[in-house]
Amino acid sequence: MVETAAHAADLGLTFYDGRMFPEEYRGAIFNAQHGSWNRTTPVGARIMVTFLNADGTVREHKPFAEGWLDAETNEYLGRPVDVALLRDGSMLVSDDMAGALYRISYDRRR
């Protein structure tokens, strides 16, 4: 089990079975946090990753992609809804506030 912030609104999730990201991400869970709508200090608006142990218990739960919540103004710049994987191993993130679809990829050469 994983504890998350109240009202982070964890929505879509997927298990990573691609080959683009480093080996440590295989079998990890990626999930979209849509974000709060009624908190004084907003939370969420990011993609989280959860790494599992061999027995299925949680080893680590942390942010993977952020930037949709302005830390200085507490304003949403976007609100991630779901994550999906493409055949090449990259990840798609839908954003219903910005009306956008983002592709996250990994380049081993950088």
Side-chain angles (χ1 to χ4, degrees):
M1 290 191 289
V2 173
E3 286 190 34
T4 62
H7 300 276
D10 290 84
L11 298 181
L13 67 85
T14 191
F15 286 86
Y16 189 77
D17 62 0
R19 301 272 179 214
M20 179 182 283
F21 294 173
E23 177 71 31
E24 69 181 293
Y25 288 97
R26 290 211 195 101
I29 302 168
F30 286 98
N31 72 285
Q33 288 189 337
H34 192 244
S36 61
W37 64 269
N38 63 346
R39 283 181 53 129
T40 304
T41 304
V43 296
R46 59 191 176 181
I47 304 302
M48 301 294 289
V49 62
T50 303
F51 296 100
L52 304 174
N53 294 311
D55 65 359
T57 58
V58 173
R59 183 176 76 237
E60 184 178 13
H61 179 71
K62 65 182 184 177
F64 175 76
E66 299 178 287
W68 291 281
L69 178 58
D70 187 310
E72 291 181 22
T73 65
N74 283 330
E75 291 182 32
Y76 287 108
L77 305 173
R79 305 210 41 208
V81 177
D82 202 359
V83 291
L85 301 178
L86 293 174
R87 287 185 190 152
D88 68 358
S90 62
M91 178 187 307
L92 293 178
V93 177
S94 61
D95 177 341
D96 69 354
M97 180 179 164
L101 188 63
Y102 309 101
R103 179 175 173 261
I104 299 174
S105 60
Y106 178 79
D107 185 349
R108 287 171 171 69
R109 297 172 291 179
R110 293 182 188 195

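Residue indices begin at 1 and follow the sequence shown. Predicted, not measured: the structure shown is a model, and the values here were computed from it.
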Side-chain donor or acceptor of Asp95 paired with backbone N/O of Arg79 under 3.5 Å: yes
Would you say His34 and Asp96 make side-chain contact, with heavy atoms under 4.5 Å? yes
Does any N or O in the side chain of Ser94 come within less than 3.5 Å of the main-chain N or O of Asp82, such that one atom is a donor and the other an acceptor? yes
Over 12 non-hydrogen atoms of neighbours within 6.0 angstrom of CZ in Arg59: yes
Examine Phe64 together with Tyr25 and report whether their ring centres are nearer than 6.0 Å. yes
Verify same cluster id: Met48, Met97 (apolar side-chain graph, 4.5 Å): no
Sorted by chain and residue number, the salt bridge (Lys or Arg N to Asp or Glu O under 4.0 Å) partners of Asp88 (sequence neighbours excluded) come out as Arg103
Could you check if a side-chain atom of Leu86 sits within less than 4.5 angstrom of a side-chain atom of Leu92, using non-hydrogen atoms only? yes
Are side-chain heavy atoms of Phe15 and Phe30 found at a separation under 4.5 Å? no
A side-chain contact here means heavy atoms from C-beta on lying under 4.5 Å apart; do Trp68 and Ile47 qualify? yes
Output yes when a side-chain donor or acceptor of Arg26 lies under 3.5 Å from a complementary backbone atom of Gly18, and no otherwise. yes
With sequence neighbours excluded, tell me which residues meet side chain to side chain donor-acceptor pair (under 3.5 Å) with Tyr76. Ser36
Within a strict 4.5 Å, meaning less than it, do heavy atoms of the Thr4 and Val2 side chains meet? yes
In the structure I gave you, are the side-chain heavy atoms of Ile104 and Phe21 within less than 4.5 Å of one another anywhere? yes
Among all residues two or more places apart in sequence or in another chain, which pass the side chain to side chain donor-acceptor pair (under 3.5 Å) test with Thr50? His61
Is there a donor-acceptor contact under 3.5 Å from the side chain of Tyr16 to the main chain of Gly89? yes
Asn53 and Val58, any side-chain heavy atoms less than 4.5 Å apart: no
Hey, are the side chains of Asn38 and His7 touching, using non-hydrogen atoms and a 4.5 Å cut-off? yes
What's the separation between atom CG in Asn74 and atom CG in Leu69, rounded to the nearest 0.5 Å? 6.0 Å
